[in-house]
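Protein chains get the first letters and strands the later ones, always in sequence-line order, with residue 1 at the start of each. Keep in mind it's a predicted model, so treat the numbers as computed, not measured.
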Amino acid sequence: MPPRKRRKLDQKPKTKSSSKTSSLGNKDTPTYSHWLMKSEPETRIEKGVDVKFGITELKAEPNQTACWDGVRNYQARNFMRDQMKVGHKAFFYHSNCKEPGIAGIVEIVKESYPDHTQFDSKDIHFDSSSKKDNPKWFMVDVKFVRMMKRFIPLSELKALHLKHKSRGGALQNMFLLTRPRLSVQPVSKGV
DNA sequence: GCCAACGTTGGC
DNA sequence: GCCAACGTTGGC
């Protein structure tokens with residue numbers, strides 16, 4: 001097996017910060033108001049369950065609104081729990097599919113609250129280590145706003161990222177390209 | 001379907 | 001607290 005590269009976590013799980021205000025413990029952490037959230041628009045069976053949830057599925061939900069359950073990554077959770085506010089907008093990104101990229105825009109319509117699937121032993125995102133009086137995982141509710149006028153493929157974002165890295169530009173530090181596995185992430189002009 | 005690049009776990 | 005092993009993400 002090849003040696004594995006090791007990196008420090010950018011964010012260790014915080015000691016339980018019961019307050020959801022922007023006091024993140026780290027004063028250097030920028031405050032964000034725009035986001036990118038990944039979801040899989042194509043059928044994939046995980047533990048017998050189809051995890052498909054593209055922007056079409058969101059649009060088909062009652063009130064075009066859904067809870068963003070299943071996030072099981074501390075950094076992604078922290079962004080949702082600590083910084084996402086009602087009214088914030090997020091890109092809806094299609095991942096793990098034939099044509100990955102940004103499909104549309106959603107709005108945060110409910111701030112973070114405990115993700116119920118962590119307590120459901122039948123759910124694929126069940127977490128036996130999480131206790132109801134001290135939930136580990138949180139989610140927000142998002143509402144469909146609109147499709148992109150034009151689908152923005154990852155390939156295009158990648159090309160811009162390359163260009164902006166050498167010549168400067170908004171996408172030079174885009175998390176999508178610098179932290180490719182983070183499923184909930186901020187976006188900014190980032191110059 | 002493959003597999004690189006991680007993020008997490010657990011032995012020590 | 002280190003770090004090897006393992007599990008997962010997600011592009012290709």
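Ranking C:dC12, C:dG10, B:dG7 by closeness to the A:Leu154 side chain, first place goes to C:dC12.
Here C:dG10 presents its C1' atom at 18 Å from CZ of A:Phe175, a figure rounded to the nearest Å. Rounded to whole angstrom, the span from the NE2 atom of A:His125 across to the C1' atom of C:dG7 amounts to 13 Å. The separation between A:Leu176 atom CG and C:dG11 atom C1' is 11 Å, rounded to whole Å. When rounded to the nearest whole Å, the span between OH of A:Tyr74 and P of C:dT9 equals 14 Å. When the C1' atom of C:dG10 is taken as reference, atom CG of A:Leu177 falls 13 Å away, rounded to whole Å. Distance CZ (A:Arg44) to C1' (C:dG11): 13 Å, rounded to an integer number of Å. A:His94 places its NE2 atom 17 Å from the P atom of C:dT9, with the value rounded to the nearest Å. In this structure, the CG atom of A:Asp127 is 12 Å from the C1' atom of B:dT8, given to the nearest Å.
Remark: A:Tyr93 is not in phosphate contact with C:dT9, judged by side-chain N or O atoms under 4.0 Å from OP1 or OP2. For the OP1/OP2 pair of C:dG10 and a distance below 4.0 Å, the side-chain nitrogens and oxygens of A:Lys38 include at least one atom meeting the criterion. OP1 or OP2 of C:dG10 has not a single side-chain nitrogen or oxygen of A:Lys158 nearer than 4.0 Å.
Within the nucleic acid shown, A:Lys98 has no heavy atom closer than 4.0 Å to any nucleic acid atom.
Between A:Ser95 and A:Lys47, the residue whose closest nucleotide on DNA chain C is further toward the 5' end is A:Lys47. Take the nearest nucleotide of DNA chain B for A:Asn96 and for A:Arg72: the residue whose nucleotide is more 5' is A:Asn96. The residue among A:Arg181 and A:Ser155 whose nearest nucleotide of DNA chain C is located toward the 5' end is A:Arg181.
A cation-pi geometry, defined here as NZ or CZ lying under 6.0 Å from the six-membered ring centre and within 45° of its normal, holds between A:Lys110 and A:Tyr113.
Connectivity analysis of hydrophobic side chains (ILVMFWY, heavy atoms under 4.5 Å, direct or indirect) links A:Ile124 to A:Val49, A:Val51.
Inspection of the A:Lys136 and A:Ser129 side chains reveals an N or O donor paired with an N or O acceptor under 3.5 Å.
Ring centroids of A:Tyr74 and A:Trp137 are separated by less than 6.0 Å, placing the two rings close together.
In this pair, A:Phe92 and A:Phe53 present their aromatic rings tilted. The plane angle is within the 30 to 60° band.
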